[in-house]
Amino acid sequence: MRAASAQKHIAFSLPLGNFVLIMAVAFALRAALVLLTVPNISGGDTPGLLQYGLELVRNQMLLMPPIPPLYLLYTGVVQSVFGEGNLTIFRLLNVLWSTALVGAVFIAAEAYFNRRVAVIAAWLIAINPIFIVEAGQILTESVFLPLMFSALALHGRYTQRDALMTKRHAVLVGVLLGLASLTRAVALLLPVILVAHLLWRYRQRAPRLIAALLIAYSATVLTWTVYGYLRWRTIMIGGSGLAANFYLGTNEGWCGPQCIDERAGVTVEDQGRNDEIYARRAIETILSDPLGYLVRRATNLLEASLQPHNTNLFQGESLRALVLQWWAHDRSLAGLSAVLSGDAFAPKLLLYIFHIGALLLGALGLLFSAFRRRMFGQALPLYGALGYFYALHSILTAIPRYLFPTAALWLIFASTVLAERTATESRDEQTAQSL
């Protein structure tokens, strides 16, 4: 009896200890990066996010901001408490947000797959340089990703085979998804995936759960819409910019706000009609050259998929550009040596190793889980979220940052392959010992 109790205690404590260790390592690595590096916010969205945030909380905005409000409120409140333009506090808070993401990924991977997959996935996120570097950036992703994966994780936990989701659970998931959409409007249609999963999972009970989830989600998102109408007499759901991104997807991409307006033919007199003009120009471009548009979208999506997020934070020419140039024009050892001695070669290469490895193993895991283990229905929210971002950016313009939400999803699917491999090795070792 005492031996059985001890075994039960060990079985409980080891996974908990493993989880705590993963979280501690993730926290330490991110804290080290934040404390040992200097923030660089030049040329990015950070200054605008900080300024918009202050104006919003001080009630100084003359027009409704084009981006969702949650991150703006966050930056405004933090600056109001800790001082205007205080970048250090944001980066320290990012350590907590990024560590929370590791925990959310662990819970999601365990809910949709198993504990072994969860441990591997959490480790891959914890030590992944792409996610560690991201902790130093003051951008919406720091808050958006933990919220989105918390919603996916709790939905998975509540809909496991031995779980019975309640309307209260559905409301919590809906609120989290709503908060994610109020951080980045790109998530506005994500609830459709969870609705489909609830229909698959619960059949007759699904309508009540779906209603609870969608009501909670809509109530959360529409608070900003109602406030925007009362404050600025403007109707906006989440944020704006969809038409502009649609237009960008039909041409050569971003060249700066003024350049894009000039390219689309938007003048000062057209302010307020930007979305209409962007949409019309995009449709005209597509209809004039449909094949060219399809090629351009496929090329843009492929390039954004293969490029790791955050390589642009390192100085020097693009590693991908250097390798492609060497392969196309040189292919000599001397030329290869020049590539290897390029600026920030080692950290850029490390990002590529983690990124390409995740894509390759993730694709294998995705197919393996769907066809060999027949887990597509069980893991539908993960499959759906991955397909959602790629489908969206097959129409809208794509850059590595926009596809960054898929990075953790790829790592979860990659972990299913690694978990199968380690499980096989463990069984082989046990068999050998028994012989």
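- Looking only at atom types and distance, the side chain of Arg297 has no donor-acceptor partner in the side chain of Ser394 under 3.5 Å away.
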side-chain hydrogen bond (donor to acceptor under 3.5 Å, both in side chains), that's the test. Do Arg231 and Asn59 meet it? Break it down for me.
CA-CA 10 Å; Arg231 173 70 178 82; Asn59 202 26; 2.9 Å; yes

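- Annotation: salt bridge (Lys or Arg N to Asp or Glu O under 4.0 Å) contacts involving residues 181-192, sequence neighbours excluded, comprise Glu141-Arg184.
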Verdict with supporting geometry, Thr159 and Arg201, side-chain hydrogen bond (donor to acceptor under 3.5 Å, both in side chains):
CA-CA 7 Å; Thr159 56; Arg201 173 71 175 84; 5.4 Å; no

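- Remark: Ala118 engages Phe106, Ala109, Glu110 in a side chain to side chain contact (heavy atoms under 4.5 Å, CB included) (not counting sequence neighbours).
- Within the 4.5 Å cutoff, no side-chain heavy atoms of Tyr352 are placed close to those of Pro347.
- Listed by chain and residue number, Tyr158 satisfy the ring-ring contact (aromatic ring centres under 6.0 Å, His included) test with His169 (two or more places apart in sequence, or in another chain).
- In this structure the side chain of Asn86 never reaches within 4.5 angstrom of the side chain of Gln79, judged on heavy atoms.
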Worked verdict on Arg401 versus Glu134 for salt bridge (Lys or Arg N to Asp or Glu O under 4.0 Å):
CA-CA 10 Å; Arg401 181 188 168 192; Glu134 183 65 20; over 6 Å; no

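- Contact annotation: the side chain of Leu101 approaches that of Val105 to within less than 4.5 Å [non-hydrogen atoms, C-beta and beyond].
- A donor-acceptor pair under 3.5 Å is formed between the side chain of Thr75 and the backbone N or O of Leu49.
- Dense packing is recorded around CG of Leu87, with more than 12 heavy atoms of other residues, nucleotides or ligands lying under 6.0 Å away.
- For the ring pair (Phe, Tyr, Trp, His ring centres under 6.0 Å) with Phe404, the qualifying choice from Trp410, Phe389, Phe131 is Phe131, the only one to do so.
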Ring pair (Phe, Tyr, Trp, His ring centres under 6.0 Å) assessment of Phe371 paired with Phe376
CA-CA 8 Å; Phe371 296 105; Phe376 179 80; 8.5 Å; no

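- With contacts defined as side-chain heavy-atom distances shorter than 4.5 Å, the pair Phe354/Pro308 does not qualify.
- Judged purely by distance below 3.5 Å, without hydrogens or angles, the side chains of Tyr217 and Ser181 pair a donor atom with an acceptor atom.
- Looking at every heavy atom in both residues, Ala185 comes nearest to Pro68 through N-CG, 3.5 Å.
- Side chains of Thr311 and Gln307: a donor on one and an acceptor on the other come within 3.5 Å.
- You'll find the ring centres of Tyr278 and Phe246 outside the 6.0 Å limit.
- Residues Ile283 and Tyr247 fail the side-chain proximity criterion, which asks for heavy atoms closer than 4.5 Å.
- For the pair Arg233 and Tyr229, the cation-pi criterion (under 6.0 Å, within 45° of the ring axis) is fulfilled.
- Pairing each heavy atom of Thr140 with each of Thr183, the nearest pair is O-CG2, 3.7 Å.
- Atom CG of Leu230 has more than 12 neighbouring heavy atoms from other residues, nucleotides or ligands inside a 6.0 Å radius.
- No side-chain heavy atom of Ser369 sits less than 4.5 Å from a side-chain heavy atom of Tyr112.
- Just one of Ile215, Val195, Leu194 meets the side chain to side chain contact (heavy atoms under 4.5 Å, CB included) condition when paired with Ile210; it is Val195.
- With 3.5 Å as the limit, one finds no donor-acceptor pair spanning the side chains of Asn94 and Arg91.
- Aromatic rings of Phe144 and Tyr71 (six-membered ring for Trp) have centroids beyond the 6.0 Å cut-off, not under it.
- Closest heavy-atom contact between Leu145 and Pro405: CD2-CA, 3.7 Å.
- In this structure, the side chains of Ile127 and Leu29 come closer than 4.5 Å at one or more pairs of heavy atoms.
- Between Thr225 and Met236 the shortest side-chain heavy-atom distance does not fall below 4.5 Å.
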